[in-house]
2 protein chains.
Amino acid sequence: MAYRPTERTEARRTQTRERIVRAALALVAQGGYREAQVAAVAARAGVATGTVYRHFPSKADLLTEVFRVASSHEVEAVEQAARFGSAASQHEVDAVAQAGGDFARERIAAAVETFARRALQGRRLAWALLAEPVDPAVEAERLQFRRAYADVFARTIADGIASGELPEQDPAFTATALVGAIGEALVGPLSPTHAGTDVDALVRNLIIFSLRSTTDQELSPHVHRRAA
Amino acid sequence: MAYRPTERTEARRTQTRERIVRAALALVAQGGYREAQVAAVAARAGVATGTVYRHFPSKADLLTEVFRVASSHEVEAVEQAARFGSAASQHEVDAVAQAGGDFARERIAAAVETFARRALQGRRLAWALLAEPVDPAVEAERLQFRRAYADVFARTIADGIASGELPEQDPAFTATALVGAIGEALVGPLSPTHAGTDVDALVRNLIIFSLRSTTDQELSPHVHRRAA
DNA sequence: CCAAGCCGTGAACCGTGGTTCACTTCTTGG
DNA sequence: CCAAGAAGTGAACCACGGTTCACGGCTTGG
């Protein structure tokens, strides 16, 4: 034997792989999946078409990874916002909670705002993540993505219920519905064919809606009648 | 001149056209857009591939029409439910409204329930209408579809506000968010890879969520602080 | 019955873009 | 410096499925 993969070559390999992913991500963020053809990705990454296939078994696999990377960034940001709200630290959160403060609502508002503002910043990418038609293989990843968002909300809602701040409800369900509501409200403004939006007004509406839908007053008789 | 299109031939033509649409619809309802290849549609309709192109300039046009037909059925049903709630007639609705009854909430609940139950009946079709990846041309139709749903809710909400039954809010916004919430809550259960769902529980949750999110209690300070 | 011409036919065509593969270039241990 | 073998190359390949088109059979007014 003669050749042996070493740390340096492996690093180079990883580097190339990342370059490909970043190139694909850039193309998607710029022009959606339409523009993310294998040849174009390769060109942008400064490699040959065939090289892409040294790193990914298929285009679907590449796009799946791209989607995962992009979406995890977004989810992390929202998670961060949901953890603290506008508090400076976990410590402060605990303090307020023990004092009977209503931090859950604050945290939900912060998460929603982060979600929306980030999406409206990188519209093209947000559209790609939320609504653009994709290969079924990638669609599966999108489901994960949305579920991840929902999980963040679900945890926060569950906290709020535990502290008595929010009324009894199925946190997973409310969270899922909330993600759908936010997504739908954003899709219009995000759509490529859309004029300027009043971002602040949109965010305000979203927060109002979100808090309203997690915090009810007494249930009306209709619910009991119909849902019995 | 010699040949002249007559009533009879035109009727035959229309009939063929409809047969094609129905075949496409059936295929979509059964296996999604994957299965709705032009050749397959033609076969199912009992015509030749080329015939499809005597009636539709392109596949996208055909699918667009199919989508429109299917979605308008759904929207009509929901509209119907939203008009009367569980009342027997418009007359009764007016009577209750004049008596200060809270019919808007009832109507919303009815619309949501209809939406959800119908979707869960024809799962495959509902999935195709709500979430399955589609050709961008058809995607535009989907946007219309969702907007149509939203309009139904928006009108009902506006009525509720006018009668003082619902709090001041942007009906269009709430309606859009609501459609998103319902859609998202349904997508999971509708997904091809999904086990049995407790339909009643789901419907109950949806109604609760919908009423909650249209009917708030006093706004918390967070809204004012953040949304200022 | 004829001319005009549309409806229907389905095999062949073709553009797109993902995938392959024979070949070159580079890296490593001996 | 050499053999072994991985990484990189990019032109050629190919599958897929939408679209076309030359032709046969009906329908219609004269």
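So that the names make sense, note that chain A is the first sequence line, chain B the second, and so on, each numbered from 1.
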Any donor-acceptor N/O pair, A:R19 side chain to A:A45 backbone, under 3.5 Å:
yes
From the list C:dT9, C:dT27, C:dA11, which nucleotide is the closest neighbour of the side chain of B:T51?
C:dT9
State whether A:R146 and A:D151 are salt-bridged, where the test is any N-O pair (Lys NZ or Arg NE/NH1/NH2 against Asp/Glu carboxylate O) under 4.0 Å.
no
Cationic N near anionic O, under 4.0 Å, A:R117 to A:D200
yes
[X] [atom1] to [N] [atom2]: how many Å, rounded?
X: B:D61; N: D:dT19; atom1: CG; atom2: C1'; result: 13 Å
X: B:R8; N: D:dT27; atom1: CZ; atom2: C1'; result: 8 Å
X: A:R13; N: D:dA7; atom1: CZ; atom2: P; result: 5 Å
X: B:R12; N: D:dT27; atom1: CZ; atom2: C1'; result: 9 Å
X: B:H55; N: C:dC6; atom1: NE2; atom2: P; result: 14 Å
X: A:Y53; N: C:dT20; atom1: OH; atom2: P; result: 7 Å
X: B:L62; N: D:dG18; atom1: CG; atom2: P; result: 10 Å
X: A:Y3; N: C:dT28; atom1: OH; atom2: C1'; result: 7 Å

Contacts to DNA chain C from residues 14-34 of chain A, heavy-atom cutoff under 4.0 Å, which residues?
A:R34
Closest-nucleotide 5' rank along DNA chain D - winner of A:G50 and B:P5
A:G50
In terms of the nearest nucleotide of DNA chain C, which residue is placed more toward the 5' end: A:P57 or B:R54?
B:R54
